[in-house]
Amino acid sequence: MRLVRQSDSGGANRDRTGAPSGARGTARPAPTGPQVVARPSRPARAALVLLTAGALAAGCGDGKPTPEVIKPAAGQQAKAELRQEQRAHAAAVKRWGLAKTPLPAPPAPAKKPHIDTREGFEVEDHEGLPPVFTTIPTKDKVVFLTIDDGAEKDPAFLRMMSELKIPYTAFLSDYLVKEDYGYFKKMQAAGVSLNNHTLHHRYMPGLSYAAQKREICGMQDVIEKRYGKRPTLFRPPFGNYNEDTLRAAGACGIKAAPLWNEEVFVDRWDYREWDRDLRPGDIVLSHFRGKEDWEGTMPDMIRRFLKLITDKGYAVARLEDYL
């Protein structure tokens, strides 16, 4: 059985109205004395009141028509909303101390790219098992940010990613997430996909098939119970797996096992490729870490991540839009 190992140095956000009644019978002669104007009947008075009120409403009491309230056309309203959104985004860029405004990602592809296991990452009998890959085949100049485990639970990170509208994908381990399930519920409410990184973040090839299945299926159960949906993505701890790992993952409902091509820390980048450069469709790894593990915070890491990819002309896209 072939064992595939990876390096993961960081692994340890809706009347009727009546007419006046006329006299009946013979006609009367014209009056010769002072004329007395008969008081209108009650239905007539009602009609007069209604007519007067209508006239006042129509002319505002001064004979002039009431100006019509003109609503902006749909296109104008959309433009106004776009300008407001752009101003809010520019303010967020300044507030979070970014060197440049992140580039917008292109629309999600109408046809999803076909994903195969990367050459050299296969297990002995890989047919029918979840593909393992480090890059999405695309010509779009995009990268995908993925964050693992769940150790650090920084509220500032949630605010930053929400205000800047940066997409990312989380791979969670229960032994860390259970300290504060609510934190990741807020993350999910902001549109982040929560995926499987096992219950206890153990070295999977060192476990039996049954033990690996408990680790993976157990985390599927946790995510379904806490967040309402069983994931289809799984990342093995440390990037290490064997055939049993992928067979167990498939049995638990996993469809793909994305790894990574680069890893970003608060103070550096690590690269899988010899030329130490980004490629379209690269998956970037980071971890939920803070000052206890790094010389900085998660927002510091995001600033470093965004600076490099923006300088190189890349945008951050949502991984699930390409799968």
How about [X] and [Y]: does a side-chain donor come under 3.5 Å of a side-chain acceptor?
X: T245; Y: Q212; value: yes
X: T198; Y: N196; value: no
X: S173; Y: H197; value: no
X: D174; Y: Y181; value: yes

State the [atom1]-[atom2] distance between [X] and [Y], to the nearest 0.5 angstrom.
X: L164; Y: I302; atom1: CG; atom2: CD1; value: 9.0 Å
X: K141; Y: D282; atom1: NZ; atom2: CG; value: 12.0 Å
X: W260; Y: L145; atom1: CH2; atom2: CG; value: 13.5 Å
X: I283; Y: F133; atom1: CD1; atom2: CZ; value: 5.0 Å
X: E320; Y: K112; atom1: CD; atom2: NZ; value: 10.0 Å

Quick test of your reading of the model: are D125 and R247 salt-bridged, counting only N-O distances below 4.0 Å?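 R247 and D125: not salt-bridged.
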Evaluate whether atom NZ of K165 has more than 12 neighbouring non-hydrogen atoms of other residues, nucleotides or ligands under 6.0 angstrom away.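 Not buried by this count: 12 neighbours or fewer within 6.0 Å.
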Counting heavy atoms not belonging to K307, are there more than 12 under 6.0 Å from its NZ?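 No, not enclosed.
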Kindly assign one of parallel, tilted or perpendicular to the pair W269 and Y271, based on the angle between their ring planes and the thresholds 30° and 60°.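 Rings of W269 and Y271: parallel, under 30°.
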Cluster overlap [X] with [Y], hydrophobic side-chain contacts below 4.5 Å:
X: V222; Y: Y227; answer: yes
X: Y175; Y: L207; answer: no
X: F234; Y: V177; answer: no
X: V284; Y: L103; answer: no
X: L129; Y: M204; answer: no

Within 45° of the ring axis of Y183 and under 6.0 Å from its six-membered ring centre, is that where the NZ or CZ of K153 lies?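 Not satisfied by the 6.0 Å and 45° rule.
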Does R303 make a cation-pi contact with W96, if we ask for NZ or CZ under 6.0 Å from the ring centre and within 45° of the axis?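 Checked: cation-pi criterion not met.
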[X] and [Y] aromatic centres sub-6.0 Å:
X: Y168; Y: F157; answer: yes
X: F144; Y: Y322; answer: yes
X: F265; Y: H287; answer: no
X: Y241; Y: Y203; answer: no

List for me each residue that meets salt bridge (charged side-chain N to carboxylate O under 4.0 Å, His left out) alongside E224, sequence neighbours excluded, and say none if there are none.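 For E224 the salt bridge (charged side-chain N to carboxylate O under 4.0 Å, His left out) partners, ignoring immediate neighbours, are R230.
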Just to verify, what does R304 make a salt bridge (charged side-chain N to carboxylate O under 4.0 Å, His left out) with, not counting sequence neighbours?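 With neighbours one apart ignored, the set is empty.
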For a quick test of reading the model, state the closest non-hydrogen atom pair linking [X] to [Y] and the distance between them.
X: D277; Y: E262; value: O-OE2, 3.5 Å
X: T297; Y: V266; value: O-CG2, 3.8 Å
X: D154; Y: P299; value: OD2-CD, 3.4 Å
X: P236; Y: L259; value: CD-CD2, 3.9 Å

Would you call [X] and [Y] a side-chain contact if the rule is heavy atoms closer than 4.5 Å?
X: V192; Y: F184; result: no
X: I223; Y: K229; result: no
X: N195; Y: P258; result: no
X: L172; Y: F288; result: yes
X: E152; Y: W294; result: no
X: P280; Y: K139; result: no
X: P137; Y: I115; result: yes

Using side chain to side chain contact (heavy atoms under 4.5 Å, CB included) as the criterion, list what pairs up with E273, not counting sequence neighbours.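 Expected list: R118, N261, D275, R279.
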In chain order, what residues pass the side chain to side chain contact (heavy atoms under 4.5 Å, CB included) check against C252, with sequence neighbours excluded?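 With sequence neighbours excluded, C252 shows a side chain to side chain contact (heavy atoms under 4.5 Å, CB included) to K213, I216, C217, Q220, given in chain and number order.
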Side chain to side chain contact (heavy atoms under 4.5 Å, CB included), paired with L233, selected from L319, I254, L194: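 Filter result, single survivor: L319.
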Got a sec, which pairs hit salt bridge (charged side-chain N to carboxylate O under 4.0 Å, His left out) with one end in residues 90-106, sequence neighbours left out?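 The answer is R95-E163, K100-D311.
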Side chain to side chain donor-acceptor pair (under 3.5 Å) between S286 and E263: does it pass, once the steps are laid out? CA-CA 6 Å; S286 192; E263 182 173 1; over 6 Å; no
Supply the members, apart from W274, of the Ile/Leu/Val/Met/Phe/Trp/Tyr cluster built from side-chain contacts under 4.5 Å; use none for a lone residue.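 Answer for W274: none, a lone residue.
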